[in-house]
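Data first, discussion second: the structure below is written as structure tokens.
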Amino acid sequence: MMIVFQCEDRFESILCGVYDAFQSRLGHQNIRLEMKDQQDIRMFTEYRKVVETEDKFQKVKQTILEKAGQAAYEAVFRASLSQEADRADWIYRYLIYGFHYGGTVTDMLQIPAVYEIFVMGRSVGNEAHLLTGFVRFAEMEEGFLLGKIEPKNDVLMLLAPHFADRLSGENWVLYDVGREKAAVHPADGSWVVARMDSAEWRERLNRGNDEALYENLWKAFHRTIAIRERSNPVCQRTHLPLRYRSNMTEFQEEQGETGR
């Protein structure tokens, strides 16, 4: 019988699932790790809920650092931010090899689990890198800056340090629309990630009265520097995919126009 340990969609919960899987001693071939919200219920399978505790998380974290190294720890952390449905199980499989082979596991791309973790990490890293240039902040009535993103992967924690460094003296909020959570940064302080799924928060997404003026100036600048004769929509979409444009100021008035 297959035993499935069900984790929450958090890095800490996944590592607690890894702890439970190893401690069960049921044999790696008889165990899977899955996200709690996965709907495909299988026959002849026992489902066990992973109980997340700080003690279990710290034990697995320390074991990864001691046996597989910092690079392997960072690899599984990035993979946990992926949209890949099977990321929890791939992390588990990766760590089986990591605990056996040590730090060299990061180079063993011939192993399916290692390759999958590498691919997920690359996808997450690429999206985070793109968004550092695509994020647009607007000033809210309360005086803080608000940026909105709708990424495929959960890259908020990778973006927050970037903007904390560049906007260290500002009060800003970077909001992940789909996941309804945000990185909140007080001026000259440290950022934190908080849930932003209340009706009150959604009401506060309305922009201040003077923001439209600056938006129009930015859009006018964007149009002025464009050279229509050199317009290449295909090339533009390669460097700036359409899915990122809904939250970019310079494209707000151009939604629905192909190639803009």
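- Shortest non-hydrogen contact noted between Gly169 and Ala187 is O-CB, 3.4 Å.
- The closest side-chain donor-acceptor pair between Gln58 and Glu54 falls under 3.5 angstrom.
- Summarising the geometry of Phe11 relative to Ser80, their closest heavy-atom pair is CD1-OG, 3.5 Å, with the distance given to 0.1 Å.
- When all heavy atoms of Leu156 and Leu174 are compared, the closest pair comes out as CD1-O, 3.5 Å.
- Here OG1 of Thr53 is found 8.0 Å from CG of Asp20. Values are rounded to the nearest 0.5 Å.
- We find the CG-CD distance between Asp89 and Glu84 to be 10.5 Å, quoted to the nearest 0.5 Å.
- In this structure, Leu65 and Gln70 have side chains that are in contact, with non-hydrogen atoms separated by less than 4.5 Å.
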Checklist line | Check against side-chain contact (heavy atoms from CB on, under 4.5 Å), Arg93 and Glu116 | finding: CA-CA 10 Å; Arg93 305 293 161 194; Glu116 291 295 334; over 6 Å; no
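- Residues Trp191 and Val184 have side chains not in contact (no heavy-atom distance under 4.5 Å, counting atoms from C-beta outward).
- Around atom CE of Met108, more than 12 heavy atoms belonging to other residues, nucleotides or ligands sit under 6.0 Å away.
- Heavy-atom contacts from other residues, nucleotides or ligands closer than 6.0 Å to CZ of Arg25 number 12 or fewer.
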Check: Please walk me through it: do Tyr115 and Tyr94 pass ring-ring contact (aromatic ring centres under 6.0 Å, His included)?
Finding: CA-CA 9 Å; Tyr115 178 75; Tyr94 179 93; over 10 Å; no
Item checked: side-chain contact (heavy atoms from CB on, under 4.5 Å) between Val51 and Cys16, worked out -> CA-CA 7 Å; Val51 178; Cys16 287; over 6 Å; no
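- Looking at Glu52 and Arg10, a side-chain N of the basic residue comes within less than 4.0 Å of a carboxylate O on the acidic one, giving a salt bridge.
- Aromatic pair Phe99/Phe22: ring centres closer than 6.0 Å.
- Shown here are the side-chain contact (heavy atoms from CB on, under 4.5 Å) partners of Glu34, two or more places apart in sequence or in another chain: Val4, Arg32, Gln38, Arg42, Tyr47.
- Salt-bridge formation is detected for the pair Arg48/Glu46: a Lys NZ or Arg NE/NH1/NH2 atom is positioned less than 4.0 Å from an Asp or Glu carboxylate oxygen.
- Evaluation of the side-chain hydrogen bond (donor to acceptor under 3.5 Å, both in side chains) rule for Gln29 yields no partner, not counting sequence neighbours.
- Applying the salt bridge (Lys or Arg N to Asp or Glu O under 4.0 Å) criterion to Asp9, with sequence neighbours excluded, gives Arg87.
- Aromatic ring pairs are classed by plane angle as parallel below 30°, tilted from 30° to 60° and perpendicular above 60°; the pair Tyr92 and His28 is perpendicular.
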Next item on the list: Take Phe163 and Phe137, measure what ring-ring contact (aromatic ring centres under 6.0 Å, His included) needs, and give me the verdict at the end.
Entry: CA-CA 11 Å; Phe163 291 108; Phe137 285 93; 5.3 Å; yes
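- Taking CD1 of Ile117 as the start and CH2 of Trp90 as the end, the distance is 8.5 Å to the nearest 0.5 Å.
- A donor-acceptor contact under 3.5 angstrom links the side chains of Asn153 and Glu127, judged on distance only.
- Counting heavy atoms from C-beta on, the side chains of Lys148 and Asp176 never come closer than 4.5 Å.
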